[in-house]
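Reviewing the structure listed below.
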Amino acid sequence: MKRYNPKEIEPKWQKIWQESGTYTANLTSDKPKYIAMSMFNYPSGAGIHIGHAMNYTISDVKARFKRQQGYESYHPVGWDAFGLPAENYAIKAGVSPQESMAKIIPGYHKQYRAMGWSNDWEKEIATHLPEYYKWTQWIFSQMHKHGMAYQDVRMQWWCSIDNTVLANEQVIDGKCWRHDGPDDPPAEKREVKQWFFKITEYADELLEATDSLDWTESVKLAQKNWIGRSTGAEITFKVKDNDKSITVFTTRADTIFSAAFIVLAPELDLVKSLTASNQSKEVEAYIAASEKKSEIERQADKEKTGVFTGTYAINPANNEEVPIWVGDFVLAGYGTGAVFGDIHDERDFEFINKFDISARVTVLPEDEVEAEKVKNKEYAYTSEGILVDSGEFSGQRSEAARDKIIAWLTKKGAAKEKVNYKMRDWSVSRQRYWGAPIPIVDCPKCGQVLLPDEDLPVVLPELTDFQPSGDGRSALARATDWLKTSCPKCGGPAERETDTLDTYICSSWYMYRYFDPHNQSAIFNKDIVKKWEPIDFYNGADHATAHLLYARFIARFFTKIGLVNEPEPFKQFLFNGKVTAKDGTMFSKSKGNGVDPLDIIDQGYGADALRTYLMFAAPLEIWARWDPGGVPGTFKFISRVWTLVQEYNEASEGSLNTPIADELLRTTHRMIKKVTEDIENNRYNTAIASLMECTNSLYKIKAKSISKNEVWKESTENLVACMAPFAPHVAEELWQQLGHSTSIHADTWPKYDEKYLVEDKVTIVVQINGKLRGQLQIESGADEARAIEAARSDDKIASYLSGKDIKKTIYVPDKLINFVISTS
RNA sequence: GGGCGAGUGGCGGAACUGGUAUACGCGACGGACUUAAAAUCCGUUGCCUGAAUAAGGCUUGUGGGUUCGAGUCCCACCUCGCCCACCA
């Protein structure tokens, strides 16, 4: 008997699959469609690690399952090739990123195939190729043409090592995401001219659509928080003895009567023009000091700081004078950069106490004891309550008075309703070489001119030096031949934009390109995309906010310009866990604790055992710890199935007696039901447990009787078919050994038959006062009287019940019977 | 500080709308096969008392509650993880 040897069969089938195009999706097929994919890979020199193995196996299993169920299943593959790491490597090694990608990506091909992933290689994409980024640039043009792209000078996060702007989400704990070591400097803020996409125009619809998504809940929540919608009002205060005014944003207009002071962010231009001459020295020193402070220092400083400007503003609600302060706890980039402070806010309460500002309570809790404490200013009362000292609004509930006060102030010309978002417009410029050039030309006569579509792509020139030019521009500023061009409008001499596009743009639309990867006359064929959208299954362990939100934004934009029908690109999204080292820490190159999936495969366990273990170890959304002892376990399971099929094939023809046949069919069909439902619901671990259970049962039955016949054939084939998504190579091999000439990987998913799931006898638990005292076999569907009779005829139960008063009997059909007796 | 989630054997983890807690796997122990080992196959394996595969008691982070019955529902607390973090 041949033994299970993955080293032999895995490469064999990988070759056959590749040659026969087993996983090539027919995008115009009449079958129902299904597309399952994981977030595409950023190719680096390191190759895939165990975390990638986990990610991509999840979607591969799904794709395979659906393919077997008869869907036209598409499991695409691509490379997110642009970005900083490759460029940094190029700077260090002096090899162009184009060259290193050309070298690295084929290595990934080998690894992906070795893992047995059912990718459609005919439709492979890579974002750094001109045939792809032509359309990334085209999206920029479309945004531009639809008024969704604009240029502005903004304070931006700046990495002083890479000399480039960083997006908000690239700043982690105050440091650049690429340089977050203890010795790395904090990210700075600098004024930079930037291109932006108006994602904030879609803030509301993105927010509203979030709830109904079939996505991991934590990600939906993160998206909502990221958008951070808050409704309130802008209220304008006139400045005393001055023709200026200050507009503040508040969500608590009902507390306007308690306004004790105004605080301006130090960055505001208004500050200098307002400051009284006798305070200007102090204010200027404060501004200078907070400019020097890094953002982390400002955030770490929980202690509120500020200085008085010497000027007063007039509260439009009651015409009281309130002092105007400058404080760096107010964020310049949110709202108007100015707030009014009052005693009904924790931070302001602290500020009032620290600087001894006079303040008045205008909201009181209903509880009288608490109200007394609030009146005595023992703590900041920030909840809703009854208004006092609030003019005509006194006595009203704060939540009801809020809108009335806004309306009242609006009438007086001092307020307007306003919605603010934490989310800012998407900064899409990067002062880096390794990205898609922005299709803009800077003409001394015509200004910023968008290149016409026929001039796309603007091909990224090959350079030898990729270091940013240091003046804030990318290395492209030195590519003189490329830089100098003519204006598409007037034909005069002009210069190209040296910024490149944020790589998040590349990854925000790639799922559509999978459907038409080589189209050079359009971004994609709309009809094919409309047939295949949305992505049925998407998974990843990162990018809960940025990437997923950007992709949703692009999908909505595409919907508006008629390219797609579905405003939501990903129907289902699974935020799976990561794999950590045994001690729970992250795998990292510097620690040298990484695990190479190919090593596990080469050790002789094979890809099937590795895949199965990764899917079995824990629920998909849990962070699993890598256990080197796990793969031998799933290897053993696969070997057992292998041996079973060998024994079946070597057995002689023969019939089975009815009870054994029945047992076989029951076991198998129960397994089919469980595996089908579990894969559907992303509970792969219990699906595999059920495959193992079934195998164990078949072993027990085989010890009694195994012979070649229809029942055993059905059982072994069903078992092999149901394990195929997890262990595709061995399943294919066994399928062939069982006499099939076509692949197991299409149209083979078994259906279970309900008639094998109903039991004629069931085990019923007998409890006395809720305690388990016995079990009995009884025909299923027995009525209560019958069950009680059966229970009473059990010796043990009878002894428990003898001489006792049965106060109550609870009977759950086919499950349990509970006698409640008096205990004394 | 805010939000979300989770605490189950030696370990990873099962348990449907409350109904046999510990499925499945790892590890450990015993046996068969073998000159021996590996591999394989067959058992045992939550804890305590017990010679016991007799019987009983205890057990899902802690304490209380609801219920005939709670890992599951309610209240309080402890611990851990993740995300956001001065957004007015």
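Lettering of chains follows the sequences in order, A, B, ..., and the numbering in each one begins at 1. Any value given below was found using the heavy atoms of this structure, including those in side chains, with hydrogens, waters and symmetry copies removed. Every value quoted in this text rests on a predicted model; they were computed, and no experiment measured them.
Each of B:rC24, B:rU20, B:rA88 was ranked by its minimum atom distance to the side chain of A:Asn696; first place goes to B:rC24. Set against B:rA88, B:rC68, B:rG13, the side chain of A:Asn685 has B:rG13 as its closest nucleotide. Distance from the side chain of A:Ala689 is smallest for B:rA23 among the nucleotides B:rA88, B:rA23, B:rC68.
The separation between A:Phe616 atom CZ and B:rG12 atom C1' is 8 Å, rounded to whole Å. Rounding to whole angstrom units, CZ of residue A:Arg683 and C1' of B:rC24 are separated by 15 Å. Spacing between atom NZ of A:Lys422 and atom P of B:rC83 amounts to 16 Å, rounded to whole angstrom units. Following rounding to the nearest Å, A:Ile352 (CD1) and B:rC86 (P) show an atom-to-atom distance of 20 Å. Counting to the nearest Å, the P atom of B:rC16 and the CG atom of A:Asp814 are 18 Å from each other. Rounded to an integer number of Å, the gap from CD of A:Glu346 to P of B:rG1 is 12 Å. A:Ile701 has its CD1 atom 16 Å from the C1' atom of B:rC42, to the nearest Å. Between the C1' atom of B:rC84 and the CG atom of A:Leu221 lies a distance of 9 Å, rounded to the nearest Å.
Side-chain N/O atoms of A:Lys304 and base N/O atoms of B:rC86 include a donor-acceptor pair closer than 3.5 Å.
In this structure, B:rG12 is classed as anti because its glycosidic torsion departs from zero by more than 90°.
Contact annotation for A:Leu691: no contact, since no heavy-atom pair falls under 4.0 Å across all strands. Note on A:Glu693: only backbone sugar-phosphate atoms sit closer than 4.0 angstrom, heavy atoms only; bases stay farther off. Looking at heavy-atom distances under 4.0 Å, A:Tyr421 makes no contact with the nucleic acid at all. When heavy atoms are screened at a 4.0 angstrom cut-off, A:Leu816 is found touching base atoms of the nucleic acid. Within the 4.0 angstrom heavy-atom criterion, only backbone atoms of the sugar-phosphate kind lie near A:Lys771; the bases stay farther away. If you check every strand for non-hydrogen atoms under 4.0 Å, A:Asn225 touches nothing. No contact: A:Asn420 has no heavy atom under 4.0 Å from any strand. Nucleic acid contact class of A:Pro619 (heavy atoms, under 4.0 Å, all strands): sugar-phosphate only. Here A:Gly633 lies in heavy-atom contact (under 4.0 Å) with sugar-phosphate atoms only. Note on A:Thr686: only backbone sugar-phosphate atoms sit closer than 4.0 angstrom, heavy atoms only; bases stay farther off. At a threshold of 4.0 angstrom between heavy atoms, the contacts of A:Arg3 are confined to the sugar-phosphate backbone, with no base atom among them. Residue A:Gln767 is in base contact, counting any heavy-atom pair closer than 4.0 Å across all strands shown. Across all strands shown, A:Val339 has heavy atoms under 4.0 Å from base atoms, whether or not it also approaches the sugar-phosphate. Within 4.0 Å (heavy atoms only), A:Lys220 reaches no atom of the nucleic acid at all.
Look at the C1' atom in both B:rG57 and B:rC4: the space between them is 40 Å, to the nearest Å. The gap from the C1' atom of B:rG12 to that of B:rG2 amounts to 32 Å, rounded to the nearest Å. For the P atoms, the distance linking B:rC58 with B:rG5 amounts to 34 Å, nearest Å. Spacing between B:rU53 and B:rG31 at atom C1', rounded to whole Å, works out to 16 Å.
Judged by distance alone, the side chains of A:Arg552 and A:Gln223 do bring a donor and an acceptor atom under 3.5 Å apart. In this structure, a donor-acceptor pair under 3.5 Å is present between the side chains of A:Thr763 and A:Gln777.
Pairing partner, B:rG1: B:rC84, with both Watson-Crick or wobble hydrogen-bond distances short of 3.5 Å. Of all nucleotides present, none satisfies the Watson-Crick or G-U wobble test against B:rU20 with each distance under 3.5 Å. The partner of B:rA6 is B:rU79, by the rule that a Watson-Crick or G-U pair needs both atom distances under 3.5 Å. With a 3.5 Å ceiling on both atom-pair distances, the Watson-Crick or G-U wobble partner of B:rU49 is B:rA55. In this structure, B:rC11 forms a base pair with B:rG25, meeting either the Watson-Crick or the G-U wobble geometry with both donor-acceptor distances under 3.5 Å. Look at B:rU67: it lacks any Watson-Crick or wobble partner with both distances under 3.5 angstrom.
Remark: aromatic rings of A:Trp215 and A:Phe575 are distant, center separation not under 6.0 Å. Taking the centre of each ring, A:His669 and A:Tyr752 stay at or above the 6.0 Å mark.
Relative to the ring axis of A:Tyr699, A:Arg640 places its NZ or CZ within 45° and under 6.0 Å from the centre.
The existence of a salt bridge linking A:Lys673 and A:Glu677 is confirmed by a sub-4.0 Å separation between a basic side-chain nitrogen and an acidic carboxylate oxygen.
Few gaps surround CD on A:Glu680; more than 12 heavy atoms of other groups in view lie less than 6.0 Å from it.
With respect to A:Asp608, the side chain to side chain contact (heavy atoms under 4.5 Å, CB included) criterion is satisfied by exactly one of A:Phe726, A:Tyr4, A:Phe637: A:Tyr4.
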